**Q** 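The structure follows.
If you're wondering where the values come from, they're calculated on a predicted model, not measured in any experiment. Order of listing sets the numbers, starting from 1, for every ligand and every atom in it.
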Amino acid sequence: MSQKTYNILKDAKSRALIDDETYQKWYKQSIKDPEKFWGKHGKRIDWFKPYTKVKNTSFTGKVAIKWFEDGLTNVSYNCIDRHLDKRGDQVAIIWEGDNPYDDKKITYRELYDQVCRLANVMKSNGVKKGDRVTIYMPMIPEAAYAMLACTRIGAIHSIVFGGFSPDALAGRIVDCESTFVITADEGLRGGKKVPLKHNTDLAIEIAQRNDVTVKNVLVVQRTAGKVEWFADRDIWYHEAVAAAKPDCKPAKMKAEDPLFILYTSGSTGKPKGVLHTTGGYLVYASMTHEYVFDYHEGDIYWCTADVGWVTGHSYIVYGPLANGATTLMFEGVPNYPSPSRFWDVVDKHQVNIFYTAPTAIRALMGAGDDHVTKTSRKSLRTLGSVGEPINPEAWEWYYNVVGGKKCPIVDTWWQTETGGILITPLPGATKLKPGSATRPFFGVQPQLVDNDGDVLAGTTEGNLCITDSWPGQMRTVYGDHERFIQTYFSTYKGKYFTGDGCRRDEDGYYWITGRVDDVINVSGHRMGTAEVESALVSHDAVSEAAVVGYPHDVKGQGIYCYITLMEGQEGDDTLRKALVAHVRHEIGPIASPDKIQFSPGLPKTRSGKIMRRILRKIAEDEFSALGDTSTLADPGVVDDLIANRQNKK
Ligand code: 6R9
């Protein structure tokens, strides 16, 4: 564990919005009197009708979370209209295409025009306040227009990452009974085409078999590749938008009206529809965007995430645009056409704030320093990291080579459920330790508890809970409030349980150690081992499957599958390939198994529970430390598993 501390506050301090003294003062105020603190900061967004109530939240009983509940506002108004007077001609979105010669700049005034037209297209096709709209798009400006157009008329968007399969897309359409889908003919990433419209067609067929009828599909022409066309259902985006009126009044939304649903994986069952609402979410996303990245007016800001993930929601679109920033949207991948791409884009657009994931940093680190050092990167001021723990080696490389020892790194810990960043350094306030997310943001009260729920004090390690609400918190699991209570508030009564393990050091800094549940984190993408298992057992040859994560140099965690086959099946490489293809088909390429081990049996307790602890150890090639195996029904299984392990070092 690196114990080195980086204090590069001198430069940052002179211009930073928050210094340590201010951090300490504000933090104390935010905990002592949250009503007063958030009552003040809630005003950072515009309200049609100001709120008089600030916080009305309970983590016990039925769990009810309300912020600014009697206020009326609109997200697209806050992200667009309110900037028009002052910065109508300022660039809102810089779009950088997959192809380095393809780019585009969209001003706030153009954004207004595009979003209003699209909102009118949706309205004229019957989309109303509260309806669910599924967005399955590549990283093109139309994805942001689609999000903002939904918020303009009060429709609830559900974005599905473009890397998900038709099955996964269908599941999400069905769960929220979405009747309107926005997609593109094809996506383009790293020079490869992704058949989005074709996948949508297949998903809609599956949804139909599950009694959900999608009435319209709005299709952006991205590649002009060939697509099938269903004239009574499909609409070309460019035609409809060109014909629509360029003004659309923003709907007056209650602070607690739903804003979006985003599906995320948990330790059990199908992905959950995380529901975020309007007022509190926007206040929190915009406030964290400003202070965590030390955003100043005029900065060029780039978050490399995809809008299909929460990071793209809060820190490509809503946070930056609410702050009137110039946000860069990148269609491509870090290593195309070369591993210099990120830094070429930084130089090309003079990016000041850069936010990416450890998996990308590790991959680029592996490609060698030359790809970085041949670029200037002089414009960079703040670097950010998100999605998984960043190992100190990657942190040091990011700091020394990419940032040239000049840029603070904000290692931001948060989740789809939290809506915005909860634990993070602030550039002008926090001394940095590589690998630590450091300290809580304003209003956030972390607590570490042991497995019995007893609170752990001082320097310690345990399960990370948050003891009181913050405005960006999810409000429910869409359509299943009971599951919301069960998943997040029942393990440790009266506390929000994050699912993460965490250490607190002698300076009160937090170090996230990773998930303590059956969720794995592959290249920063969250995945339930149960989902991969259920995809595997849906293959005819598979009788039983158990999936665990193991440490992977680039991905953070890899996917290791133990499989028991049906009688008469042969476990060979052909079947391995078929199973990989099957999982990709069922969930999408992000869930591709890395290792598959065939085994006549799985280690189980006498009551039939699979002992994952043992499977994890074998997958890590750490089988000398298997611990107590005496509760196994058949201890012999373990010897076979060890002998045939797929990850020998
Ligand atoms: C924003 C996002 C959430 C899970 C979370 C944790 C891991 C995210 C992290 C981090 C260590 C960080 N995680 N940021 N772990 N340090 N800076 O990633 O949301 O996709 O819901 O994932 O990711 O395990 O619980 P999401």
Side-chain angles (χ1 to χ4, degrees), residues 159-161 163-164 260-267 271-276 281 284-285 288-289 292-293 303-316 318-319 355-362 383-392 394-395 398 409-425 430 432-441 444 446 463-466 472-474 477 487-488 491 496-503 509-529 531 549 555-557 590-591:
I159 308 190
V160 179
F161 174 59
F164 278 121
F260 66 81
I261 300 166
L262 183 55
Y263 287 86
T264 193
S265 298
S267 46
K272 295 179 286 279
V274 168
L275 185 89
H276 283 287
Y281 170 83
Y284 199 76
T288 45
H289 172 260
V292 172
F293 299 105
C303 164
T304 70
D306 189 286
V307 291
W309 309 112
V310 73
T311 307
H313 285 63
S314 302
Y315 299 114
I316 295 177
Y318 292 125
Y355 189 28
T356 196
T359 186
I361 298 167
R362 287 192 297 266
L383 299 175
S385 171
V386 62
E388 50 176 317
I390 180 166
N391 48 312
W395 194 101
Y398 197 25
I409 296 177
V410 288
D411 175 0
T412 63
W413 175 84
W414 60 296
Q415 310 177 296
T416 305
E417 294 88 338
T418 69
I421 295 162
L422 294 197
I423 303 182
T424 179
T430 315
L432 306 171
K433 297 187 194 182
S436 173
T438 77
R439 306 187 291 193
F441 191 73
V444 175
N463 304 308
L464 177 62
C465 295
I466 313 288
Q473 185 172 24
M474 77 182 280
V477 170
T487 310
Y488 302 105
T491 319
Y496 170 76
F497 176 44
T498 63
D500 278 316
C502 183
R503 188 165 74 80
Y509 275 32
Y510 291 88
W511 302 69
I512 308 297
T513 53
R515 301 289 303 199
V516 292
D517 53 10
D518 290 320
V519 171
I520 53 179
N521 194 324
V522 182
S523 298
H525 302 322
R526 238 170 105 165
M527 207 151 337
T529 50
E531 280 171 77
K555 299 181 183 182
Q557 279 188 299
I590 56 168

**Q** Flag the pair Phe260 / Tyr281 as yes when at least one side-chain heavy-atom distance between them is below 4.5 Å, and no otherwise.
**A**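 Yes, their side chains come closer than 4.5 Å.
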**Q** Run through Glu531, Arg526, Lys272 and flag the one making a side chain to side chain donor-acceptor pair (under 3.5 Å) with Ser265.
**A**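 Answer after filtering Glu531, Arg526, Lys272: Glu531.
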**Q** Does ligand 1 have any N/O pairs with the protein under 3.5 Å, and how far apart?
**A**
residue: ligand 1; atom: 13 (N); partner: Gly387; partner atom: O; Å: 3.3
residue: ligand 1; atom: 14 (N); partner: Gly387; partner atom: N; Å: 3.1
residue: ligand 1; atom: 15 (N); partner: Pro389; partner atom: N; Å: 3.3
residue: ligand 1; atom: 16 (N); partner: Glu388; partner atom: O; Å: 3.4
residue: ligand 1; atom: 17 (N); partner: Asp411; partner atom: OD1; Å: 2.7
residue: ligand 1; atom: 17 (N); partner: Thr412; partner atom: O; Å: 2.8
residue: ligand 1; atom: 19 (O); partner: Thr416; partner atom: N; Å: 3.4
residue: ligand 1; atom: 21 (O); partner: Thr416; partner atom: N; Å: 2.8
residue: ligand 1; atom: 21 (O); partner: Thr416; partner atom: OG1; Å: 2.5
residue: ligand 1; atom: 21 (O); partner: Arg526; partner atom: NH1; Å: 2.8
residue: ligand 1; atom: 23 (O); partner: Gly387; partner atom: O; Å: 3.2
residue: ligand 1; atom: 23 (O); partner: Asn521; partner atom: ND2; Å: 3.4
residue: ligand 1; atom: 24 (O); partner: Asp500; partner atom: OD1; Å: 2.6
residue: ligand 1; atom: 24 (O); partner: Asp500; partner atom: OD2; Å: 3.3
residue: ligand 1; atom: 25 (O); partner: Gln415; partner atom: NE2; Å: 2.9
residue: ligand 1; atom: 25 (O); partner: Asp500; partner atom: OD1; Å: 3.4
residue: ligand 1; atom: 25 (O); partner: Asp500; partner atom: OD2; Å: 2.5
residue: ligand 1; atom: 25 (O); partner: Arg515; partner atom: NH1; Å: 2.9

**Q** Minimum heavy-atom separation for Ile409 to Trp395, with atom names?
**A**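 Closest heavy-atom pair between Ile409 and Trp395: CD1-O, 3.6 Å.
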**Q** Does some side-chain heavy atom of Thr264 sit less than 4.5 Å from a side-chain heavy atom of Val310?
**A**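 Side chain of Val310 against side chain of Thr264, heavy atoms only: no contact under 4.5 Å found.
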**Q** Aromatic rings Phe293 and Tyr315: how do their planes relate, parallel, tilted or perpendicular, breaks at 30° and 60°?
**A**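 Ring orientation of Phe293 relative to Tyr315: perpendicular.
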**Q** Using 0.5 Å steps for rounding, measure from the SG atom of Cys303 to the NE2 atom of His289.
**A**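 Here the interatomic distance stands at 9.0 Å.
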